[in-house]
Amino acid sequence: MIKIFYFSATGNSLYVAQYLQKSLNAEILSIPAQMRKENFNVDADKVGFIFPLHYGGLPIIVEEFIRRLKFSGTKYIFAIATCGVPWLGRPFIDLNELLPQKLNATWFVRLVSNYLPYRDTAADWRIKIRYWFADKHLAGIARAVADAENHSSWEIFKDKCKAMHSDWLKRRATLDEKFICDKAACVKCGMCEKICPVKNISRPHASPVWNHNCVECLGCLHICPKKAIDVGEVTKGRKRYINWNIKPKDLF
């Protein structure tokens with residue numbers, strides 16, 4: 001039995017999880033959903049974790065989930081970090097420090113960065129190329145997992161990324177302070193509230209309010225059908241992104 005736990009805000013990690021689900025006949029489980037169910041017991045021969053790279057390390061919710069897990073009979077553990085730039089960071093080092101047993105295999109899968117405060121979304125032609133290369137890479141990963149092969153990944157600028165990630169975690173209570181909503185553009189659909197993995201968004205007057213428990217996944221920013229949500233002024237006019245192979249409702 002193979003169980004794969006994933007966290008996905010804009011669909012990249014869900015796309016990878018679904019690819020492996022089909023290739024390996026695996027069960028895929030949403031980490032935010034498992035957190036809400038408080039289901040932390042893992043009984044599978046092979047276990048995988050798929051998540052985006054956040055500030056060079058693990059997403060906050062992934063770290064919180066891993067800390068609570070209890071394994072039973074697991075012989076092979078693998079992890080995949082989806083990212084815009086591979087090898088930059090230390091997600092697997094950090095994951096190894098949290099797991100009760102060491103990772104057997106790790107991979108970076110380059111897709112499309114969703115971090116709009118840093119830069120605009122890639123052009124469509126670049127996205128198509130990255131999907132093509134990702135599928136080729138995933139085919140090899142699926143074969144390796146099926147055969148329980150060991151695999152390691154480069155992780156560069158580890159110390160700098162550790163400092164950056166630590167600083168980010170210290171700012172947890174202020175991560176959503178720059179989020180704004182154009183109430184004139186907002187159609188009050190509630191998609192931002194539905195996609196938030198930690199229930200940080202409420203809508204007391206129909207438009208979103210952020211409650212300072214943000215994990216900065218930017219799901220709310222990208223899923224808004226009217227681009228009414230921004231991070232200050234810096235993201236205005238930048239292209240939103242949801243993985244082309246994923247329906248927005250599958251991210252709720």
Side-chain angles (χ1 to χ4, degrees), residues 5-10 12-13 30-36 38 40 49-69 79-100 102-103 106 108 112-120 153-181 192-193 195-202 208-224 229-236 238 241 251:
F5 298 94
Y6 72 90
F7 170 54
S8 192
T10 51
N12 287 334
S13 294
S30 161
I31 288 176
Q34 295 301 108
M35 290 286 281
R36 289 191 288 271
E38 297 189 351
F40 305 116
F49 301 98
I50 303 173
F51 49 82
L53 193 64
H54 280 191
Y55 282 82
L58 298 173
I60 293 171
I61 193 171
V62 173
E63 181 174 335
E64 292 175 348
F65 178 68
I66 298 295
R67 288 184 184 278
R68 302 184 189 187
L69 286 184
I80 299 171
T82 57
C83 57
V85 180
W87 309 304
L88 182 63
R90 47 177 293 138
F92 307 127
I93 293 173
D94 293 341
L95 188 55
N96 260 326
E97 291 177 355
L98 296 172
L99 289 168
K102 297 299 182 182
L103 288 162
T106 62
F108 286 98
V112 180
S113 173
N114 77 355
Y115 197 68
L116 284 189
Y118 177 62
R119 63 182 176 189
D120 204 349
S153 301
W154 288 348
E155 293 176 89
I156 61 175
F157 299 114
K158 296 183 283 290
D159 292 340
K160 288 184 178 180
C161 287
K162 182 177 182 178
M164 178 177 66
H165 193 80
S166 297
D167 177 68
W168 176 60
L169 293 176
K170 291 175 184 176
R171 296 186 287 108
R172 171 86 186 265
T174 64
L175 292 177
D176 57 12
E177 285 187 347
K178 293 183 179 180
F179 282 61
I180 56 175
C181 175
C192 55
E193 182 181 18
I195 201 171
C196 182
V198 292
K199 304 300 180 185
N200 182 52
I201 295 175
S202 56
V209 173
W210 290 266
N211 297 301
H212 310 307
N213 187 40
C214 183
V215 295
E216 208 176 2
C217 69
L218 301 187
C220 58
L221 181 78
H222 287 276
I223 205 164
C224 177
I229 296 172
D230 277 291
V231 181
E233 298 295 319
V234 70
T235 61
K236 288 185 180 293
R238 292 184 174 178
Y241 171 77
L251 296 168

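Treat the numbers as computed from the prediction; the structure is a model and nothing was measured.
- Between Cys196 and Cys220 there is no side-chain heavy-atom pair separated by less than 4.5 Å.
- Centroid-to-centroid, the aromatic rings of Phe92 and Phe108 come within less than 6.0 Å.
- Between the Ser153 side chain and the Thr106 main chain, a donor and an acceptor come within less than 3.5 Å of each other.
- Counting heavy atoms from C-beta on, the side chains of Val112 and Asn114 never come closer than 4.5 Å.
- In this structure, Ser8 and Leu251 have side chains that are in contact, with non-hydrogen atoms separated by less than 4.5 Å.
- Using bins of under 30°, 30° to 60° and over 60° for the plane-to-plane angle, the ring pair Phe179/Trp210 lands in the tilted bin.
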Show your reasoning for whether side-chain contact (heavy atoms from CB on, under 4.5 Å) applies to Phe49 and Val62. CA-CA 9 Å; Phe49 301 98; Val62 173; 5.8 Å; no

Passes side-chain contact (heavy atoms from CB on, under 4.5 Å), Phe157 versus Trp87? Steps please. CA-CA 9 Å; Phe157 299 114; Trp87 309 304; over 6 Å; no

Determine, stepwise, if the pair Val231 / Leu116 fulfils side-chain contact (heavy atoms from CB on, under 4.5 Å). CA-CA 8 Å; Val231 181; Leu116 284 189; over 6 Å; no

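- Remark: Glu64 does not engage Arg68 in a salt bridge, criterion side-chain N to carboxylate O under 4.0 Å.
- The backbone N or O of Tyr241 lies less than 3.5 Å from a partner atom in the side chain of His222, making a donor-acceptor pair.
- In plain terms, the two heavy atoms of Arg238 and Tyr118 that are nearest each other are NH1-C, 3.7 Å.
- Between Asn12 atom CG and Ile80 atom CD1 the span is 12.5 Å, to the nearest 0.5 Å.
- For the atom pair OH of Tyr115 and SG of Cys217, the computed distance is 11.5 Å after rounding to the nearest 0.5 Å.
- For the pair Asn213 (side chain) and Lys199 (backbone), a donor-acceptor distance under 3.5 Å is absent.
- In summary, Glu97 and Lys162 do not engage in a salt bridge, as defined by a charged side-chain N under 4.0 Å from a carboxylate O.
- Distance check: Leu218 CG to Ile223 CD1 gives 12.5 Å after rounding to the nearest 0.5 Å.
- Aromatic ring orientation, Tyr55 versus Trp168: parallel (interplanar angle below 30°, classes split at 30° and 60°).
- To the nearest 0.5 Å, atoms CG (Leu58) and CG (Leu95) are separated by 5.5 Å.
- Counting only distance, with no hydrogens or angles, the side chain of Asn96 and the backbone of Leu103 share a donor-acceptor pair below 3.5 Å.
- Looking at heavy atoms from C-beta onward, Cys224 lies out of side-chain contact with Cys192 at the 4.5 angstrom threshold.
- For Asn200, the side chain to side chain donor-acceptor pair (under 3.5 Å) partners two or more places apart in sequence, or in a different chain, are Asp176.
- Under a 3.5 Å cut-off, the side chain of Arg172 and the backbone N or O of Val215 do not form any donor-acceptor pair.
- With rounding to the nearest 0.5 angstrom, the OG1 atom of Thr235 is 8.5 Å from the CD atom of Glu233.
- Annotation: Asp159, atom CG; neighbour count of heavy atoms from other residues, nucleotides and ligands within 6.0 Å does not exceed 12.
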Let me see the working for Tyr6 and Ser30 under side-chain contact (heavy atoms from CB on, under 4.5 Å), right down to the final yes or no. CA-CA 5 Å; Tyr6 72 90; Ser30 161; 3.7 Å; yes

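- Taking CD1 of Ile50 as the start and OG1 of Thr82 as the end, the distance is 8.5 Å to the nearest 0.5 Å.
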